[in-house]
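One structure below.
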Amino acid sequence: MNKETTQLSPTLSIRISTDGFCFCTYLPQQPDSVKYSYHECDKTTSLSANFETAWEESKLSNQKYSNIQVIVSSTEFTTIPSNYDSNEDYATIYNSCFPPSGKSLKILSNKLSAHNLTVLFAIDEELHEQLCEIGEVNYYSPVSIILGYLTRYPREEKKHLTAYLHNGKSLLIAIENERPILINGFTSEETEDQLYYLLCIWNELEFSQLEDTLLLCGDTHADAMEMSAKNFIRNIKRINPREQFRSNLLNKIENIPFDLQTLLLCE
């Protein structure tokens with residue numbers, strides 16, 4: 001693909017979750033070129049079968065893309081120090097952290113040089129093969145995206161906990177002096193359970209209820225958390241890439257996941 005073709009080809013961004021698939025094409029030189037769609041998963045069939053149907057319905061297969069990026073949304077991830085990691089060890093490390101699922105998995109990684117960390121996460125092997133047929137893909141964990149966002153736009157607060165809540169999945173990232181001191185994820189639909197775990201982490205890290213900050217992002221789960229957590233934590237703030245990119249048309253898409261919007265706006 002020559003340089004001129006690359007400049008005129010959009011980026012294809014896909015967000016993969018057990019709940020559904022998001023597809024977004026975007027040409028930075030033409031802000032009005034944004035196209036976004038969401039395809040809900042049928043829980044009775046496999047993720048790869050769901051993707052095949054969603055990809056066909058998206059009608060995106062006949063387009064050439066300058067860049068293909070895929071977010072794998074999962075609470076099953078782990079981190080290791082970058083200077084100790086090795087590709088040959090990824091599967092062993094990942095499988096020691098999570099019980100066998102009975103599925104063939106492809107272990108993926110994101111190296112975060114700013115934090116001397118590597119994030120390990122996994123994708124269904126069959127689904128990975130389907131994505132390879134589309135083209136060369138860059139894979140991302142939500143952990144990497146949000147940590148990248150916090151690095152690019154550092155907070156004035158010395159200590160803060162970011163909670164990304166979307167469709168029952170919670171990702172917690174605690175930062176002290178611009179360095180992550182805790183990264184964890186879990187699944188829960190109930191705000192009470194999400195709040196209980198968040199407050200346990202807050203207490204274990206010895207965060208102050210009066211001085212330290214809770215940063216919230218996500219969907220309506222984040223709204224509910226804000227209402228509940230204010231009874232225990234004084235400093236609660238919402239973060240949103242719209243604050244940095246007010247005029248971008250991506251901001252007008254309703255219900256676009258925070259990690260996908262952040263990846264698109266910060267690339």
Short question: side chain of Asn110, backbone of Leu120 - any donor-acceptor pair under 3.5 Å?
no
What distance separates Asn203 CG from Leu198 CG, expressed to the nearest 0.5 Å?
11.5 Å
Using the rule given for ring-ring contact (aromatic ring centres under 6.0 Å, His included), can you reason through Tyr94 versus Tyr90, listing the C-alpha separation, both sets of side-chain angles and the distance that settles it, and then say yes or no?
CA-CA 6 Å; Tyr94 182 87; Tyr90 286 170; over 10 Å; no
Please work out whether the ring planes of Phe23 and Trp55 are parallel, tilted or perpendicular, with thresholds of 30° and 60°.
tilted
Exactly one candidate in Val70, Asn67, Ile68 meets side-chain contact (heavy atoms from CB on, under 4.5 Å) with Asn138; the answer is Asn67
Can you confirm whether Ser141 sits close enough to Val72 that some side-chain heavy atom of one is under 4.5 Å from a side-chain heavy atom of the other?
no
Nearest-0.5 Å distance that lies between atom OG in Ser48 and atom CD in Glu129
9.5 Å
A side-chain contact here means heavy atoms from C-beta on lying under 4.5 Å apart; do Ser13 and Thr11 qualify?
yes
Over 60° means perpendicular and under 30° means parallel, so tell me whether Tyr164 and Phe258 are parallel, tilted or perpendicular.
tilted
Any side-chain donor near an acceptor of the partner, Tyr149 and Asp259, under 3.5 Å:
no
Would you say the side-chain atoms of Gln194 and Ser188 include a donor-acceptor pair closer than 3.5 Å?
no
Heavy-atom side-chain proximity of Leu117 to Ile183 below 4.5 angstrom
yes
Verify, without hydrogens or angle tests, whether Asp42 (side chain) and Thr44 (backbone) share a donor-acceptor contact under 3.5 angstrom.
yes
With rounding to the nearest 0.5 Å, note down the distance linking NE2 in His115 to CD in Glu178.
9.0 Å
With the side chain counted from C-beta on, respond yes when Ile71 and Ile16 share a heavy-atom pair under 4.5 Å apart, and no when they do not.
no
Side chains of Ser17 and Lys169, donor plus acceptor under 3.5 Å
yes
Do the side chains of Leu172 and Phe186 get nearer than 4.5 Å, heavy atoms only?
yes
Nearest atoms (heavy-atom pairs only) where Tyr36 meets Cys24:
CD1-CB, 4.1 Å
Test Phe21 against Tyr38 for side chain to side chain contact (heavy atoms under 4.5 Å, CB included), laying out the working first.
CA-CA 6 Å; Phe21 303 94; Tyr38 173 75; over 6 Å; no
Hphob cluster co-occupancy, Ile175 + Leu214, side-chain heavy atoms under 4.5 angstrom
no
Quick one: do the Thr213 and Arg155 side chains pair a donor with an acceptor below 3.5 Å?
no
Is there a path from Leu150 to Leu205 through hydrophobic residues (I, L, V, M, F, W, Y) whose side chains come within less than 4.5 Å of each other?
no
Could you verify whether a donor N or O on one side chain and an acceptor N or O on the other, from Thr118 and Ser82, lie under 3.5 Å apart?
yes
Under a 4.5 Å cut-off applied to non-hydrogen side-chain atoms, are Tyr139 and Leu131 in contact?
yes
Is the backbone of Leu171 close enough, under 3.5 Å, to the side chain of Asn184 for a donor and an acceptor to pair up by distance?
no
Could you tell me if the side chain of Ile233 sits less than 4.5 Å from the side chain of Phe207, heavy atoms only?
no
Can Glu176 and Lys158 be counted as an ion pair, charged N to O under 4.0 angstrom?
no
Thr187 OG1 to Asp193 CG distance, which is reported to the nearest 0.5 Å
11.5 Å
Tell me, with the steps shown, if Leu108 and Ile123 meet side chain to side chain contact (heavy atoms under 4.5 Å, CB included).
CA-CA 7 Å; Leu108 305 170; Ile123 187 173; 3.7 Å; yes
Does Ala224 offer a backbone N or O that forms a donor-acceptor pair with the side chain of Ser228 under 3.5 Å?
yes
Which residue, Leu147, Thr151, Thr79, forms the side-chain contact (heavy atoms from CB on, under 4.5 Å) with Leu112?
Leu147
In the structure I gave you, are the side-chain heavy atoms of His166 and Arg15 within less than 4.5 Å of one another anywhere?
yes
For the atom pair CD1 (Ile80) and CG (Asn116), what is the distance rounded to the nearest 0.5 Å?
10.5 Å
Donor-acceptor pair, Gln209 side chain versus Phe232 backbone, under 3.5 Å?
yes
Are the side chain of Thr220 and the backbone N or O of Asp223 linked by a donor-acceptor pair below 3.5 Å?
no
Rounded to the nearest 0.5 Å, what separation is found between the OG1 atom of Thr191 and the CD atom of Glu189?
9.5 Å
Asp212 and Arg234 ion-paired at < 4.0 Å
no
